[in-house]
Amino acid sequence: QVQLVESGGGLVQPGESLRLSCAASGIIFRINAMGWYRQAPGKQRELVAVMTSGGSTNYADSVKGRFTLSRDNAKNTADLQMKSLKPEDTAVYYCNADISKDWNSRSYTYWGQGTQVTVSS
């Protein structure tokens with residue numbers, strides 16, 4: 001069984017920063033992609049940032065230049081550094097990973113439990 005453990009999140013004022021961390025554990029042969037999604041109240045879950053095994057990173061337009069995704073393949077971790085936070089960044093943030101468990105296995109998608117980020121004055 002694969003588990004994604006998240007840390008970080010909290011309440012900050014506009015313009016401040018937060019760092020979210022995610023660590024994957026369990027039976028992991030290969031992590032094909034790993035990143036973060038978010039879901040604001042009344043909104044659908046959306047991609048924030050994701051990095052593939054090849055090192056390509058995709059960011060949502062709304063966070064480009066402010067958020068930075070880092071991934072350590074050896075440690076199976078993905079961190080999201082969030083700077084210049086805005087009230088519209090308020091959401092539950094979910095770690096996401098696409099993982100294969102053996103050499104001949106299809107990949108499966110796993111989710112963290114979610115961590116609340118609130119940006120308010």
Side-chain angles (χ1 to χ4, degrees):
Q1 184 176 359
V2 173
Q3 185 177 22
L4 303 182
V5 180
E6 302 163 332
S7 62
L11 174 63
V12 298
Q13 295 184 355
E16 295 184 342
S17 301
L18 280 175
R19 187 177 186 91
L20 306 181
S21 298
C22 177
S25 62
I27 303 174
I28 301 173
F29 178 74
R30 181 179 66 249
I31 298 180
N32 303 300
M34 195 170 184
W36 290 86
Y37 288 69
R38 68 185 181 186
Q39 187 168 19
K43 303 293 184 180
Q44 294 186 339
R45 189 172 298 185
E46 64 176 354
L47 184 146
V48 177
V50 63
M51 185 181 295
T52 66
S53 296
S56 178
T57 305
N58 297 320
Y59 293 94
D61 289 339
S62 59
V63 307
K64 287 182 178 178
R66 299 188 298 117
F67 292 9
T68 302
L69 177 66
S70 60
R71 178 180 169 186
D72 190 328
N73 291 323
K75 297 181 179 180
N76 294 329
T77 60
D79 291 355
L80 184 68
Q81 178 65 51
M82 305 183 294
K83 299 180 179 179
S84 301
L85 283 163
K86 305 174 181 179
E88 50 263 43
D89 294 318
T90 297
V92 178
Y93 285 70
Y94 298 90
C95 182
N96 172 266
D98 187 21
I99 296 174
S100 298
K101 295 184 178 181
D102 58 57
W103 68 273
N104 199 34
S105 175
R106 290 185 175 92
S107 63
Y108 295 87
T109 299
Y110 298 89
W111 294 92
Q113 76 281 3
T115 182
Q116 178 71 47
V117 173
T118 302
V119 184
S120 177
S121 60

Using the side chain to side chain donor-acceptor pair (under 3.5 Å) rule, take N32 and S53 through it: C-alpha gap first, then chi angles, then the decisive distance, then the call.
CA-CA 5 Å; N32 303 300; S53 296; 4.6 Å; no
side-chain contact (heavy atoms from CB on, under 4.5 Å) for M82 and V63? Distances and angles first, verdict last.
CA-CA 8 Å; M82 305 183 294; V63 307; over 6 Å; no
Which is it for Q3 and V5 under the side-chain contact (heavy atoms from CB on, under 4.5 Å) test, yes or no, and what are the steps along the way?
CA-CA 6 Å; Q3 185 177 22; V5 180; 4.0 Å; yes
Given side-chain contact (heavy atoms from CB on, under 4.5 Å), test C95 with M34 step by step and report yes or no.
CA-CA 8 Å; C95 182; M34 195 170 184; 4.0 Å; yes
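In terms of heavy atoms, G9 sits closest to T115 at CA-OG1, 3.8 Å. Scanning both residues, N104 and D102, for their nearest heavy atoms gives N-OD1, 2.9 Å.
Y110 and V92 are assigned to two separate hydrophobic clusters, defined by single-linkage of ILVMFWY side chains at heavy-atom distances under 4.5 Å. Under a hydrophobic-cluster definition in which Ile, Leu, Val, Met, Phe, Trp and Tyr are linked whenever side-chain heavy atoms come within less than 4.5 Å, directly or via other members, Y94 and L47 are assigned to the same cluster. Linking Ile, Leu, Val, Met, Phe, Trp and Tyr residues whenever their side-chain heavy atoms come within less than 4.5 Å leaves I27 and F29 in two separate clusters. Linking ILVMFWY side-chain heavy atoms closer than 4.5 Å, directly or via other members, places W111 and W36 in two distinct hydrophobic clusters.
A donor-acceptor contact shorter than 3.5 Å links the side chain of Y59 to the backbone of L69. Side-chain atoms of R71 come within 3.5 Å of backbone N or O of T52 as a donor-acceptor pair. Remark: side-chain polar atoms of E6 are paired, donor with acceptor, to backbone N or O of G114 under 3.5 angstrom.
To the nearest 0.5 angstrom, N58 atom CG is 8.0 Å from K64 atom NZ. To the nearest 0.5 Å, atoms NZ (K83) and CZ (R66) are separated by 12.0 Å. Atom CG of N96 is separated from atom CG of L4 by 7.5 Å, given to the nearest 0.5 angstrom. Here the OG-NZ distance, from S25 to K75, works out to 15.0 Å after rounding to the nearest 0.5 Å. The line from CG of L80 to CG of L18 is 9.5 Å long, rounded to the nearest 0.5 Å. Residue E16 holds its CD atom at 11.0 Å from OG of S84, rounded to the nearest 0.5 Å.
Taking the side chain as every heavy atom from C-beta outward, R30 and S107 never approach each other to under 4.5 Å. Residues R38 and L20 form no side-chain contact, since every pair of their non-hydrogen atoms from C-beta on lies 4.5 Å or further apart.
By the 6.0 Å contact criterion, CD on E88 is enclosed, its count of non-hydrogen atoms from other residues, nucleotides or ligands being greater than 12.
Screening V119, T118, T90 for a side-chain contact (heavy atoms from CB on, under 4.5 Å) with L11, the sole residue that qualifies is T118.
Using the six-membered ring where Trp is involved, F67 and Y93 have ring planes that are tilted, between 30° and 60° apart.
Salt bridge absent: K86 and D89 never bring a charged side-chain N and a carboxylate O closer than 4.0 Å.
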